[in-house]
Amino acid sequence: MSSRLEGDAFLKNIASQNDSPLTHEEWEQSAEQKMKAHEFGHIRSGAGAEETLRRNRSAFSKWAILPRMLNDVSSIDTSITLFGHKYAHPFLLAPIGMQRLAHEDGDLASVRAAAKWDVPFIASTVSSYSLEDIAEAAGTNPRWFQLYWSNNEAVSYNMLKRAEQAGYEAIVVTVDTVMLGWREEDLRNNFSPLREGIGKANYLNDRVFMESLTDTSDEGIIQGILENIHHPSFDWKKIEDIKRATTLPVLLKGILHPDDAILAVEAGIDGIIVSNHGGRQLDGVAASLDALPLIAEAVNGRIPLLLDSGIRRGTDLVKALALGADAVLLGRPYIYGLAVAGQAGVEQVLENFIEETRVSLALAGIPDISKFASIKLIRE
Ligand SMILES: Cc1cc2nc3c(=O)[nH]c(=O)nc-3n(C[C@H](O)[C@H](O)[C@H](O)COP(=O)(O)O)c2cc1C
Ligand SMILES: O=C(O)C(=O)c1ccccc1
């Protein structure tokens, strides 16, 4: 796939000869054509009646930007600093499990594409390749590790240690998935990628997990994963334990209520990812964009706020940052790139997102991200 954009963005956009999909909707359509219906359905769908999935998009169109003019935007600095690390762009790749559903090379292709554009990658607990293999493919590119708590706590702590040893820079603890949401698409198709072993790499590589099994057949391993990943007794006490167990910054992913954001700050948490898991967990909850202003007010700058669920283009990023986010996560869009064309597809999706973000920041009058306070949004 040839590069759409090289050199000056304006001239490049006009001269583009690239015939790959452009919008998120086009990538989604191409992915649907390539994939088996139940596999595509697992990625696309939300929980329940998909109210939240739809709301994640409509929330963005309810806000309109009041850009600033005459700010000299000839050079745009998109870099941000989180936990003492400087990152080139104000976005990261969201943790998405079982990427082998989309492409054989799975997470390895995604992390290589991320490395090409200096975009940090968040590896999932239920990845298709182990966190060590993903780290090796990342090379020097920054990566974070997303932890799903295991009922066998020793497995969780061992995964934390492995992530530290493999050079991960932060731990993302997902708190909205103590059990899977009511996923009607998967129920209809009787499909569970976890049951098919597509997300087992981190467990196979975990000495503590493997030694805990009485039955180490394929079936015994899957059973062990299912028993560990269903963790309804997860609570704030364990969050404090996790915080004590690692030297890395710890973020909570899946916070929507401002009071939970305050508890997170009080527990010494280093960052919050405002998220509703892409509408895949509790249906009917607020769009993360709508929860963000309340959380920003409660947290009052004490720790960084990230946001995901519904980010599809550069202008979405501008709105999220204007409402108080320090950075956003890109989810389904890069998985569709992966499904359509492997690493090259993810590279193309990221390149378009980076370039649209750059143009959007320039036209909003924001030459560098620290100037965000100057732009306003109005609610339609
Ligand atoms: C197929 C799929 C798998 C996911 N797996 C994980 C996961 O393993 N861990 C996690 O914390 N979030 C997971 N998520 C949620 C994403 O990290 C992110 O919150 C969500 O995709 C954001 O919504 P969006 O993709 O619509 O923008 C998954 C999402 C999808 C679509
Ligand atoms: O599909 C998901 O959204 C997800 O996060 C997940 C987590 C564990 C097992 C299967 C899916």
Side-chain angles (χ1 to χ4, degrees), residues 24-25 27-28 31 35 38-47 50 52-57 59-60 91-103 106-107 110 121-128 131 134 144-150 171-183 185-186 191-203 222 225-231 251-256 273-283 285 287-289 306-313 316-317 320 328-339 349 353:
H24 174 72
E25 292 72 22
W27 283 101
E28 183 177 75
M35 295 180 77
H38 63 284
E39 296 180 340
F40 171 78
H42 172 77
I43 294 169
R44 182 212 60 80
S45 61
E50 301 190 338
T52 297
L53 183 66
R54 284 189 293 277
R55 198 171 278 152
N56 280 344
R57 287 304 301 145
F60 282 92
F91 77 99
L92 303 86
L93 295 194
I96 298 222
M98 300 155 295
Q99 294 194 20
R100 210 149 42 73
L101 275 182
H103 191 278
D107 325 67
S110 299
F121 181 81
I122 311 181
S124 163
T125 290
V126 288
S127 53
S128 294
L131 67 91
I134 293 172
W144 296 3
F145 178 67
Q146 176 265 324
L147 180 73
Y148 274 135
W149 187 249
S150 281
I171 301 295
V172 170
V173 180
T174 299
V175 295
D176 60 11
T177 311
V178 297
M179 59 191 75
L180 272 193
W182 182 252
R183 313 246 177 114
E185 177 88 8
D186 292 345
F191 182 54
S192 159
L194 212 52
R195 213 174 50 206
E196 299 197 4
I198 302 173
K200 67 183 176 189
N202 277 330
Y203 295 89
I222 298 295
I225 295 173
L226 293 174
E227 281 164 16
N228 267 300
I229 211 154
H230 182 87
H231 52 279
L251 298 94
L252 299 188
K253 174 172 180 281
I255 297 287
L256 291 170
I273 304 179
V274 182
S275 168
N276 57 35
H277 212 103
R280 299 164 70 80
Q281 283 302 100
L282 177 61
D283 192 34
V285 304
S288 356
L289 192 74
L306 284 68
L307 172 133
D308 76 17
S309 301
I311 298 286
R312 298 292 177 260
R313 49 170 66 255
D316 298 335
L317 182 149
V328 301
L329 314 186
L330 199 61
R332 287 181 181 92
Y334 84 88
I335 295 301
Y336 292 142
L338 178 65
V349 167
F353 188 71

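What you see is a predicted model; the values in this text were computed from it and never measured. All ligand and atom numbering here is 1-based and tracks the order in the structure.
- Ionic pairing of Arg57 and Asp316 is present here: one or more N-O contacts between side-chain nitrogen and carboxylate oxygen are shorter than 4.0 angstrom.
- The residue Gln281 has no part lying near ligand 2, judged by heavy-atom distances below 4.0 Å.
- For the pair Arg44 and ligand 1, no heavy-atom separation below 4.0 Å is found.
- At a cut-off of 3.5 Å, with distance as the only test, no side-chain donor of Gln99 or Ser128 sits close to an acceptor on the other residue.
- Nearest non-hydrogen protein atom to atom 30 (C) of ligand 1 is Arg280 NE, 3.4 Å.
- Counting heavy atoms closer than 4.0 Å to ligand 1, residue Ile96 contributes atoms from both its backbone and its side chain.
- At under 3.5 Å, not a single nitrogen or oxygen of Thr177, backbone or side chain, sits near a nitrogen or oxygen of ligand 2.
- For atom 23 (O) of ligand 1, the closest heavy atom belonging to the protein is Gly278 CA, 3.1 Å.
- Nearest protein neighbour of atom 16 (C) of ligand 1, counting heavy atoms only, is Pro95 O, 3.5 Å.
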Task: Worked verdict on Asn56 versus Asn276 for side-chain hydrogen bond (donor to acceptor under 3.5 Å, both in side chains) - done: CA-CA 9 Å; Asn56 280 344; Asn276 57 35; 2.8 Å; yes

Task: Working for salt bridge (Lys or Arg N to Asp or Glu O under 4.0 Å), residues Asp186 and Arg280 - done: CA-CA 11 Å; Asp186 292 345; Arg280 299 164 70 80; 5.5 Å; no

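- Of all atoms in ligand 1, numbered sequentially from 1 with element shown, those under 4.0 Å from a heavy atom of Arg312 are 24 (P), 26 (O), 27 (O).
- Between Arg183 and ligand 2 there is a heavy-atom distance shorter than 4.0 Å.
- Not a single heavy atom of Asn56 sits under 4.0 Å from any atom of ligand 1.
- Only the side chain of Lys253 comes within 4.0 Å of ligand 1, judged by heavy-atom distances.
- Ring geometry, Tyr148 versus His277: the interplanar angle falls under 30°, so the pair is classed parallel (tilted spans 30 to 60°).
- The part of Gln146 lying near ligand 1 is the side chain, judged by heavy-atom distances below 4.0 Å.
- With hydrogens left out, the protein atom closest to atom 25 (O) of ligand 1 is Arg332 N, 2.7 Å, a heavy atom.
- Nearest to atom 11 (C) of ligand 2 by heavy atom, out of Met179, Arg280, Met98, is Met98.
- At a cut-off of 3.5 Å, with distance as the only test, a side-chain donor of Ser127 or Asn202 sits close to an acceptor on the other residue.
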